[in-house]
Amino acid sequence: MQIQVKCSCGEGNCPEWAIVELQGVIEVQPSFKDRIENLEIGRLCRSSSEETYTFTVGYHELSGTKVKLKKPLLVLKKKKAMVDSDENSGNPNSSRAELEVIGIIRQRILFKTRPKALISKPQLQVKEKKTGAPTPMIQ
């Protein structure tokens with residue numbers, strides 16, 4: 001079986017993707033187990049230098065760096081292509097698999113340190129003094 005790989009975006013024009021690599025496990029709450037697709041788990045931000053990133057998940061913040069991969073990876077999408085005749089079986093109108101390139105991964109964002117807690121102390125409420133007649137002191 002021959003699988004063809006096609007790139008419709010032109011050489012050097014494929015969208016750049018990146019891998020986000022975390023150490024540990026991200027657990028989904030039981031109420032979201034059935035709806036995990038397109039679930040927002042946090043906020044990924046790039047600092048002023050393009051080499052450092054922060055990833056905020058709930059009350060945890062991770063710091064990471066951009067690392068270049070030794071070999072680039074392709075992001076592929078499987079498509080069925082109809083052919084008039086199959087050389088192997090002689091079956092007309094058979095289908096074969098084609099892979100379409102939709103992106104190239106040349107780098108990863110690596111978060112290898114433990115998360116920093118973002119829990120802060122609550123602000124103290126200051127009671128205002130009432131202005132008016134002074135309160136008598138009892139002795």
Side-chain angles (χ1 to χ4, degrees):
M1 176 184 205
Q2 182 182 17
I3 299 175
Q4 294 185 348
V5 178
K6 290 186 176 181
C7 183
S8 59
C9 48
E11 189 170 330
N13 293 329
C14 283
E16 287 283 328
W17 290 36
I19 297 173
V20 176
E21 185 175 329
L22 303 169
Q23 305 296 320
V25 177
I26 294 179
E27 293 182 2
V28 180
Q29 294 177 350
S31 60
F32 292 110
K33 288 269 188 209
D34 299 332
R35 306 178 308 243
I36 197 166
E37 188 175 322
N38 295 327
L39 180 66
E40 185 177 320
I41 60 169
R43 177 180 289 176
L44 180 66
C45 297
R46 182 178 63 194
S47 66
S48 58
S49 72
E50 293 191 20
E51 300 298 321
T52 59
Y53 290 81
T54 58
F55 185 48
T56 307
V57 180
Y59 293 110
H60 304 286
E61 183 179 81
L62 296 133
S63 296
T65 57
K66 187 191 298 185
V67 179
K68 187 174 181 178
L69 295 175
K70 292 179 184 177
K71 292 183 180 181
L73 301 171
L74 293 177
V75 181
L76 303 172
K77 182 178 182 180
K78 186 176 180 180
K79 296 172 83 175
K80 285 189 177 180
M82 299 299 288
V83 288
D84 293 335
S85 65
D86 191 5
E87 298 88 23
N88 296 337
S89 65
N91 185 8
N93 297 326
S94 64
S95 64
R96 68 171 190 215
E98 279 188 359
L99 299 175
E100 181 183 3
V101 178
I102 58 172
I104 298 175
I105 302 172
R106 290 191 173 101
Q107 55 203 358
R108 66 182 174 160
I109 303 169
L110 178 62
F111 297 95
K112 61 181 179 181
T113 58
R114 294 181 72 69
K116 180 176 78 171
L118 294 177
I119 300 173
S120 61
K121 294 180 182 178
Q123 293 182 351
L124 297 175
Q125 294 180 354
V126 179
K127 294 182 180 179
E128 296 181 20
K129 289 185 178 181
K130 293 181 182 178
T131 58
T135 55
M137 293 182 72
I138 302 175
Q139 294 182 349

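The residues of the chain are indexed from 1 along the displayed sequence.
A single hydrophobic cluster is seen to contain both Y53 and V20, as judged by linkage of ILVMFWY side chains at heavy-atom distances under 4.5 Å, directly or through other members. Note on W17: it clusters hydrophobically with L73, by side-chain heavy-atom contacts below 4.5 Å among ILVMFWY residues. Hydrophobic clustering (side-chain heavy atoms under 4.5 Å, transitive across Ile, Leu, Val, Met, Phe, Trp, Tyr) keeps I109 apart from V67. Under a hydrophobic-cluster definition in which Ile, Leu, Val, Met, Phe, Trp and Tyr are linked whenever side-chain heavy atoms come within less than 4.5 Å, directly or via other members, V57 and L22 are assigned to the same cluster.
Side-chain contact between V101 and L76: present, with at least one pair of heavy atoms (C-beta onward) separated by less than 4.5 Å. Using a 4.5 Å cut-off on side-chain heavy atoms (C-beta onward), R106 and L69 make no contact. F55 is not listed as a side-chain neighbour of R43, based on a closest heavy-atom distance of 4.5 Å or more. The closest side-chain heavy-atom distance from L118 to T56 is below 4.5 Å.
When every heavy atom of T113 is checked against every heavy atom of S63, the shortest pair comes out as OG1-O, 3.6 Å. For the pair I104 and P72, the tightest heavy-atom approach, listed with the atom from each and the gap, is CG2-CB, 4.2 Å. Nearest approach of I102 to K77, heavy atoms of both residues: CG2-CB, 4.2 Å.
Taking CZ of R46 as the reference point, atom NZ of K66 lies at 6.5 Å (rounded to 0.5 Å). Taking NZ of K112 as the start and CD of E21 as the end, the distance is 10.0 Å to the nearest 0.5 Å.
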Going through the distances and angles, do T54 and F111 end up as a side chain to side chain contact (heavy atoms under 4.5 Å, CB included)? CA-CA 9 Å; T54 58; F111 297 95; 5.9 Å; no
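Side-chain atoms of T52 and T65 include no donor-acceptor pair closer than 3.5 Å.
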